[in-house]
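Encoded as C-alpha cells, the structure appears first; notes follow it.
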Amino acid sequence: MPHPSPSRLVVLVSGSGTNLQALLDACADPAYGAEVVAVGADRDGIEGLARAERAGIPHFVHRVKDFDQRSEWDHALAETVAEHRPDLVISAGFMKLLGPDFLARFGGRVLNTHPALSPSFPGMHGPAEALAHGVKVTGCTLFVVDEGVDTGPIVAQAAVEVLDDDDVETLHERIKVSERQLLVDTIGRMAREGFTIDNRKVRIG
Ligand code: GRF
C-alpha cells in the first residue's frame with residue numbers, strides 16, 4: 001500500500017531546540033509519517049534556528065518587540081505559519097503564549113510540551129516549582145493548546161522521579177530526556193493514526 005503523504009509539522013522554538021532535533025531525527029525515517037516543513041522562533045541567534053538551518057528547513061523569526069501590539073505579532077505569526085500549510089503546529093520550548101488569532105486558525109492542532117505533570121505546576125518554572133514543593137514524582141505533558149496557560153486537553157504524559165540530590169538543572173535535564181521521547185512517540189502516532197478530542201479526552205487512532 002502506498003504511504004499516505006507525511007503530516008506537515010511547523011515547529012516553534014525559543015531556545016536550544018533539543019525537542020525540535022528529536023523530531024527532525026525521527027522524521028528522517030519515512031515510516032515515521034511526518035516531516036518538519038518549517039521552524040519558527042520569537043528570537044534570533046538561538047540554537048533551535050541553527051538546527052533548522054543545518055537541516056535545510058525553512059525558518060523564520062517574529063519578535064514581539066518588532067510589533068506595536070501583541071495582537072499584530074500573533075497575526076503575523078499565524079500568517080507565516082499558514083504559508084507552510086501545517087497539519088500540526090508543535091510548540092517545542094516556545095516561550096510565548098499563542099494568541100486568539102493564532103488559535104482561531106490552528107486551534108485543536110497546536111501541541112505543546114510542558115516539563116511537569118499537568119495540572120500541577122503550569123507556567124515557565126515547572127521543574128523549579130516541583131522541586132520547591134518537594135514532590136517525589138514529576139514529569140512531562142504533551143497537550144493540545146487552548147487559551148489558558150498549560151491547561152489544554154492532555155494527549156500524553158510520562159513520569160520522572162525526583163532524586164534527593166536534584167537541583168533545577170539536573171531535574172529539568174532528566175525531564176527533557178523523557179519529554180523528547182514522549183514527543184517523538186506521540187506526534188508520530190498522531191500523524192500516522194489521526195486523533196480526536198471529545199470533552200477534553202484525546203484519543204489517538
Ligand atoms: C522543554 O523542557 C520545554 O518543555 C520547556 O523548555 C524546554 C525546551 O527545550 N518549555 P529545548 O529548546 O527543546 O531543548
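Keep in mind that this is a model prediction, so the values were computed, not measured. As the structure lists them, so they are numbered: ligands from 1, and atoms in each ligand from 1.
- Using a 4.0 Å cut-off to heavy atoms of N19, the atoms of ligand 1 that qualify are 1 (C), 9 (O), 11 (P), 13 (O).
- Salt bridge absent: R8 and D87 never bring a charged side-chain N and a carboxylate O closer than 4.0 Å.
- The shortest heavy-atom distance from G17 to ligand 1 is under 4.0 Å.
- Closest heavy-atom approach to atom 3 (C) of ligand 1 among the candidates H114, R180, E179: E179.
- At least one heavy atom of T113 sits closer than 4.0 Å to an atom of ligand 1.
- Residue contacts with ligand 1 do not include M124, since none of its heavy atoms lies under 4.0 Å from the ligand.
- In summary, R105 and E79 engage in a salt bridge, as defined by a charged side-chain N under 4.0 Å from a carboxylate O.
- Closest to atom 9 (O) of ligand 1, if we only count protein heavy atoms, is K176 NZ, 3.1 Å.
- Contact between H172 and ligand 1 is present, with at least one heavy atom of the residue lying under 4.0 Å from the ligand.
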Under 3.5 Å, which donor-acceptor pairs link side chains of residues 118-134 to any protein atom two or more places apart or in another chain?
none

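- When the heavy-atom distances from atom 6 (O) of ligand 1 to G93, S14, S178, G15 are ranked, the shortest goes to G93.
- Using a 3.5 Å distance cut-off with no hydrogens or angles, the side chains of E179 and T113 do pair a donor with an acceptor.
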